[in-house]
Amino acid sequence: MPFPLLSLFLWATWMLLNGFSWGHALLGLVLAVVLPLGTQSFWPNVPRLRNFPKLVRFVLVVHWDILTANMAVAILILGPPRRLRPGFVELPLDLTDEFAITLLASTISLTPGTVSADVSEDRRTLLIHALDVDDQDAMIRQIKQRYERPLKEIFEC
Amino acid sequence: MLETALTIAFGLFVLALLLNLYRLLRGPTLPDRALALDTMYINTIGLIVLYGISSDSKLYFEAAMLIALIGFVSTVAVAKYMLRGDIIE
Amino acid sequence: MNLSILVLLPFLGAALPPLAERFRASRTLLALSAAALPALALALMVAPARRVIAGETVLSSLQWLPSLGLDLAFRLDGLALMFAMLVLGIGLLIILYARYYLSADEKAGRFYAYLLLFMGAMLGVVTSDNLLLLVVFWELTSLSSFLLIGFWSHNSGARKGARMALTVTGLGGLALLAGVLLIGQVVGSYSLGEALASGDAIRASGLYPLILCLVLLGIFTKSAQFPFHFWLPHAMAAPTPVSAYLHSATMVKAGVFLLARFYPMLAGTNLWFDLVTLAGMATLLWGALAALFQHDLKGLLAYSTISHLGLITLLFGLNTELAAVAAVFHIINHATFKASLFMAAGIIDHETGTRDMRRINGLWRYMPYTAVLAMVASAAMAGVPLLNGFLSKEMFFAETLQSDRLGALSWVLPLGATLGGVLSVAYSARFIHDVFFNGEPVNLPKFPPHEPPRYMKVPVEILVALCVAVGVFPALTVAGLLAVAGTATLGGTLPEYHLSIWHGFNLPLLMSVIALVGGVLVYSQRQRLFRWHARLPEINANLIFERAMQAVAGFAGALSGRLRNGSLQTYVAWLLAVVSLVLLTQLGPRLLSGDRALLPLDGVALLAGAMLIVAAVITAILHRHRMTAIMSISVVGLVVSLVFVRFSAPDLALTQLSVEVVTVMLLILAMYFLPVRTSAESGVFRVFRDLFLSVVVGGGVGVMAFAMMTSDFNSISGFFLENAKPGGGGTNVVNVILVDFRGFDTFGEITVLGIAAMGIYALLKDLKLTSPRADSTGRPWARDAHPLVLVTISRPLLPLALLVSVYIFLRGHNLPGGGFIAGLVTSVALLLQYVASGVGWMHHRMPGDYHPVVALGLLLAGITGVASWLFGHPFLTSTFDYIHWPLVGKFEVASAMLFDTGVFLTVVGATLLMLANLGKLSLLDDKGAGTGAGNDPDQTGQRGGA
Amino acid sequence: MNEIVEFLVSAFILVGAVFALVGSIGLVRLSDFYLRLHGPTKASTLGVGGTILGSLLFFSWQERALQLQEVLIVLFLFITAPVSAHMLAKAAMHRNLKRREDTRGGPWKQ
Amino acid sequence: MEVMLALIIATLVGCGVYLTLRARTFPVILGITLLSYGVNLFVFVSGRLSLNQVPVVGMSENASDPLPQALVLTAIVIGFAMTAFLVVLALRGQGEMKSDHVDGGSDGEDG
Amino acid sequence: MEHLIIAPILIPAFAGMLLLLEVRERQRLRRLTGLLATLALIPVALGLWQQAASGDIGVYQLGDWRAPFGIVLVLDRLSALMVLLTAVLALPALIYGSRGDDRRGANFHALFQLQLMGINGAFLTGDLFNLFVFFEVLLIASYGLALHGRGPARVKGGIHYVVLNLIGSALFLVALGLAYGTTGTLNMADFAVKVSELEGNSLDLARLSGLLMWVVFGLKAALFPLYFWLPATYASATAPVAALFAIMTKVGIYAIARVYGLAFSGGALAGLGRDPLWILALITLGLAAVGVLGARRLGEMVAYLLVMSVGTLVAGLAWSSPAAFGAMLYYLIHSTLVCGGLFLLADLVSRGRGELADRLEAGPSPVGRGVLGALFFAGAIAVVGLPPLSGFIGKVALMQAVPAPVYWLLLLGGGLIALIGLSRAGSTLFWRATGDGEERSLDGPRLAATVALLATTPALAIWGEPVLEACLAVAGQWAQPGLYIDAVLGAGESAL
Ligand code: NA
Ligand code: NA
């Protein structure tokens, strides 16, 4: 099984789609193996998952952040626009793996208040637009600590 | 209670869609319009899910799922167009 | 002997000369090959001719098109015999003459072939015993004469003359056809015999005036009667044998033949008298006058022919039996002297190289023998005693004196006849004097002229001898033939008449004397007359005709150009105008009277509907801001799928949603090469017109939709709902309809998709388009062709989307989904890879050509369909079964799934074939070179930029 | 239907709807494109998320079995929505769209 | 509800018609697309409107008419194929006639 | 042999698929496949004609579902005749195309086969919506074929053709929606039964459905004012394609005949649209004649002649008597084959005339002037309706069956105008030729294909009686829709 994470993901998806039955469990297993193999050539350099529990933790953290930040952003949106302090923030990247960088960028976009706008050509910097940023460095620190480090541990270490 | 909640939720989602449509028409820039369209796709998912609840039917799930899965391709295509003109190169 | 063989012989004969020419036969052999079959026909005619002379009518008939009443029926009676002899006899003489007339480098084979075709057609005309068959041959004479007149096609006059003749005689032929069809309606048969016997019924019919006019139109055009005479002189551009044959002896006689043929059927009424006599008289005089002023030898003869045809017509118009006999007599006489005159003219032309009488003078000294022949023939034409022309002309004068139809104005006829006689003598005198005497030749192209070859003169000699023989011994020569011909013409008994040279001193003789003396006098005053004529404005029929034709063609071009103005907008407007007309005339208040209960409208539906309407209108208004329009049309598509969701059609919603995505990509792909914006609207009128059409068509369709929704109906759909599960093995009735009940529609539908993909591929092949260097705002394109985030996310999305496709596919038979939607999801996932990673990158991972994918999909669907034959069922009969697997449980296997797999493959193949190739377009351009477009993002380090 | 369940379902869908609306209000109200970009990508995800939680609960209750199918909608949306936002941001930067004057930092050249 | 649907169909068809009467290929493509939306809806409603009656056996008592749905599905696919062809044809026109005018080069009349 | 009915659809369909599978552009293989498949259609069509001629109406229930629920193919005399005509036209056209024209673009052979599939399907189907589907098959293939080759004129003509037909397809769908929405059925026979029982607003809607169908079919048939697209499209299409397209307008006429004579044959809507069709047909006839006269290119002239034949035919159809219908069919066979031949001829003429091509201006002599001139002469005689060829017989038959003065006037007058136009054209092309053209010899197979098509006109004349009788037999059956309805609705009652 060359892509266990993906296979697992696919199998889970299949089971979610169809509901549980032994037949579908089997068929889902077949698909979960066959589809990644069949599309293998489409991803030459996918990272290996190193730490599954950390991944679960990471997902939960992100969801929690989405929930809380959403409230904050809702208030910002509904409040007087002048109160916003928008800004572009450049986040220096420690991650090197492309997949991990993408996950980070997506996470940043998903959590309210920030959108990853671009990745530099050399893959060393992530440009983020923030809705309301007071202290840029604090924000960078927070992102690095809350998202980038776990990602690095999950995929790279 | 659920009836009322559904009615209100329907109303809010449709209102949201109308606001999106306003942005789409108003622009003023192409990215704004694309953003509005993207948001409309997402709000439509909500609407369909609500409809599923209100009609007590799971037959509309796939429609919502499909929008979630491939709806963004339109937006990506528009964005790519703005960036490169050619979306498949 | 069957008469049809007789008619067939010349047609068969037409094949011989070209064949002989191919084998390089000598000129004489060529002529012999041409003459063989007509000669045979003439010989074969002897036996039936005897029976005819004995008073019999020989008939023969073969079936051809009995449902039309068109049979190969022929009759040989006196009239037909007389004409058949003219056609074959003179025809043979013409072949002999042509042997010497045509120069060595001419395509004589083709010439003879045309001539024989004409001969056959003419023979057919005179012997047809079926009215429709007569029309067939009639038109064939026009067609073959077209070829003959245009034989010297390098000559502009020949081409124009041929076309003019064809046009005029073609017009007449069509009129004749209509007339004949009407006769058939009245008579109830197209048999000539029956028609001739039904003369009274025809004359009594209300259709008679119409029939007469139509038939006369045919006759007058063919026989060059005024005012349709103008084509004949221009037909003189034909080689002289043709003129001698067609334009004196035969084809122009077809018209007067028909007067004779239809005489018992149509003659005898005042209308007949008025039309025929008037046309005849006008033609007689006009032709004679015009002949006098011709400087062209053949022109003179042509106009004189017109004049003589007028004379014959006039005779038929007089409605007396004797006049008809006189007409028949003059037909024979005119054929003999005029054919010989044409031949003589041809000889002169041949020997001198010109036909201009102002240059041809005093030929008596160079070719006395020919001169004698021509002079005798001319004298016959002038009506000099002891020659055949005199006899019939005497009869003519006598008959004009008999008619009292015009009452107090009856003297007009003999006066006109005498005047015609005067002019006839004058132009005959000119033919003799101006050519053979009148001083010395002027600057002839060939000088000095000689007598022609021996055998070239033979036909002329024979004809001239006939003129004399008939003129001197009418009773011994022509009387028998004339009697049977006259009898056949009148369709009854012959009146009493005497063919003799001397009838004593009477009024006709006086008229003849006046004609002779007057004619000579007129000719003596010719210089004065020519000067008078020269001052008249010149009327060139050819020029007028040509200009008229050009004007008509120009008008036609302008009219059709105005209708078909090359503007799609106009065509679309026409189409929609027709639709509007239908709607405006058919929409009525009754439509809104439906009694089906309405569904309540709720707020969500109202607002969603409003959204859709606004988006549609905005698309229409903002169509010049193209990207905006694409986005607003996406909204329309989105809300339409919501409508499907709302009204219980999840399959449609899924389909609409996925199609929408592909369509948007397609439009954006196109946008790259199309102008982003275009200039503003034009005329207010057009916008209003378009608005009007839009409102009517849109409103009309809306009203119909409402009317339909509010009226009750019974549908066959109950059957589908009941049988989907037991008969089709699926619970999703829509899907079962698609793959089973109406699987054939789907088979067609995926074929459409496959063809579209092929067609698109063909359109895109070698298409050169210039990639814009910058976007609409003038900004150069971004460097990053393959943004990292997009690339990285799109890839794992592929197996995920495939998984979802499998899911959608498998459930399709029982729940919303199916092969088509699954195919589209897969396509979108793959297209996303194209967008993210580029064509080059994909090229290494996907088949280079999607044609086989489409083909396999279609084949799979098709073979599934054919497989049912093995089980003795019709195409696309489905079957299904439930298999029980351990662990898995009940598992349905349906052949429809295989069919649906075909659908899936076709959709994937077709979509990718379309869009991937569209995407490749820009690779042909050099834009990519500078910015790394089309490169493999993995190899260029994810960054497209330099 | 159980009142508690009904209340929960109602609450979820209402919260979801409110967030969806807030996001869309942001789309209308905020003054530059980069700001507007935040509204939908956040609020809409939660908006849909809330609705789907309601739906999950509803159907699970109706069928007396855990119905997690609709989680997939959120999952797919979480995968795809950031990509749209990212691409649109890039497009906006490329087009050099006007940004609020008090915005700190600046976009990158594309 | 029927009135709403009729209005929607009327608008789609009307706007489609208006756009197909334009002089450039692109609006014509849009017009054809709108027209097919309207027409597809028209065929769809020929089975009459019904709420919550998906034609799946066992899912609803009074299933809506499945036949027009199947027809519309076919029509959507065919419409997609045709639109795609027209789009590429427009490109071909641009390539060969150097203009996106439906009649080729003439840039005079526009609208 | 019960499956023979579907063979005219499946043979080209499978051939087309196999051709699509062949990606290595082995042109000879492709040609062979296409030619064999097209050749196979002829015996199949003859066999079908044999079946139909007996008077039995064959019904093929696809998927083994009986009418009106499943789709049926129906083989009556009319459909058999049309399928046979298509096969006879297609083979020479394809032979002509296989001499090089097929290389002028991609997928020619596959498109050609699928075009045949669509045409045959349209002729055979007994289902209204399936008719729409096959219309789309034949249209999309025809779009591809019309654009086969290169050049701005072709693209412009193609755009016009495609856009108009797309609108036509939309209208067809509206008509189908109305048809289903009023009667609840799609099977033509069943529709005929149900529509005759309608009343009230449903009746009005059904009438609208019928009238909209006339508009759609009128567009395909190229009836005034919907024919304007045709001359440019056909004249600019590649010759073999234009030749094949000679049958396309007939598909429209067939559809009118079928729907008029069957679907709307009973009840209050019998004779629906007869008068407008009659009038429009006459206008078409007249204006097309004007177009012939005004044409500046030979191809365009032939296209207008085709439109003229449409006017002639639809008028005969609108007269709606069995005799007129039979005569119309004879004329239809004649005009399809002759116009097809003339399109090929126009191409042969234009070869070697260089830049001038088929423009009606004096120029270099066409290669093989004698042969081509003779062919042109024969074709012109046939097409304007002069004796002794088939056009004359067709016109006489039509005039006998349709004794309307205005029709006669237009038929004869139009014939005369066409004669003037054609004689000008022939005179210019073959008589005014100046010097020799570029190409030295005439391509044998191309010439043979042209001759084959034009040779049908004397054949149709010589065997005019059997052909006419066959046409009248077709008409007799057509005039009794009850036979069709009974056959379709009665077939396989026990099947389920
Ligand atoms: Na002289
Ligand atoms: Na591209």
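- Counting only N and O atoms by type, the side chains of C:D651 and C:N732 include a donor and acceptor under 3.5 Å apart.
- The pair E:R92-C:D766 fails the salt-bridge criterion, with no side-chain N (NZ, NE, NH1 or NH2) lying under 4.0 Å from an Asp/Glu carboxylate O.
- Between chain E and the residues C:V659, C:L674, C:V662, C:L824, the most heavy-atom pairs under 4.5 angstrom are made by C:L674.
- Contacts of E:F85 with chain C are made by both backbone and side-chain atoms, with heavy-atom separations under 4.5 Å.
- Of the residues considered (C:I755, C:L753, C:T911), C:L753 shows the highest number of contacts with chain E, using heavy-atom pairs under 4.5 Å.
- Contact count versus chain C (heavy atoms, under 4.5 Å) is highest, among E:L89, E:L73, E:V102, for E:L73.
- Of all the heavy atoms in C:A629 and C:T619, the pair that sits closest is O-CG2, 3.9 Å.
- Between chain E and the options C:V643, C:L693, C:L652, C:I621, the largest number of non-hydrogen pairs under 4.5 Å is found for C:L652.
- Ranked by non-hydrogen atom pairs under 4.5 Å with chain C, the options E:A90, E:G58, E:G16, E:A84 are led by E:A84.
- No other option in C:V640, C:I633, C:L606 has as many heavy-atom pairs under 4.5 Å with chain E as C:I633.
- Heavy-atom pairs under 4.5 Å with chain C were tallied for E:L49, E:N40, E:V13; the largest tally goes to E:L49.
- Heavy-atom pairs under 4.5 Å with chain E were tallied for C:I760, C:L915, C:V572, C:L667; the largest tally goes to C:I760.
- In terms of heavy-atom pairs under 4.5 Å with chain C, the best-connected choice from E:V39, E:V54, E:N52, E:I9 is E:V54.
- In terms of non-hydrogen atom pairs under 4.5 Å with chain E, the most contact-rich of C:A910, C:A649, C:G718 is C:A649.
- Electrostatic pairing of C:R626 and E:D100 counts as a salt bridge here, judged by a charged N lying under 4.0 Å from a carboxylate O.
- Looking at every heavy atom in both residues, E:A70 comes nearest to C:L738 through O-CD2, 3.6 Å.
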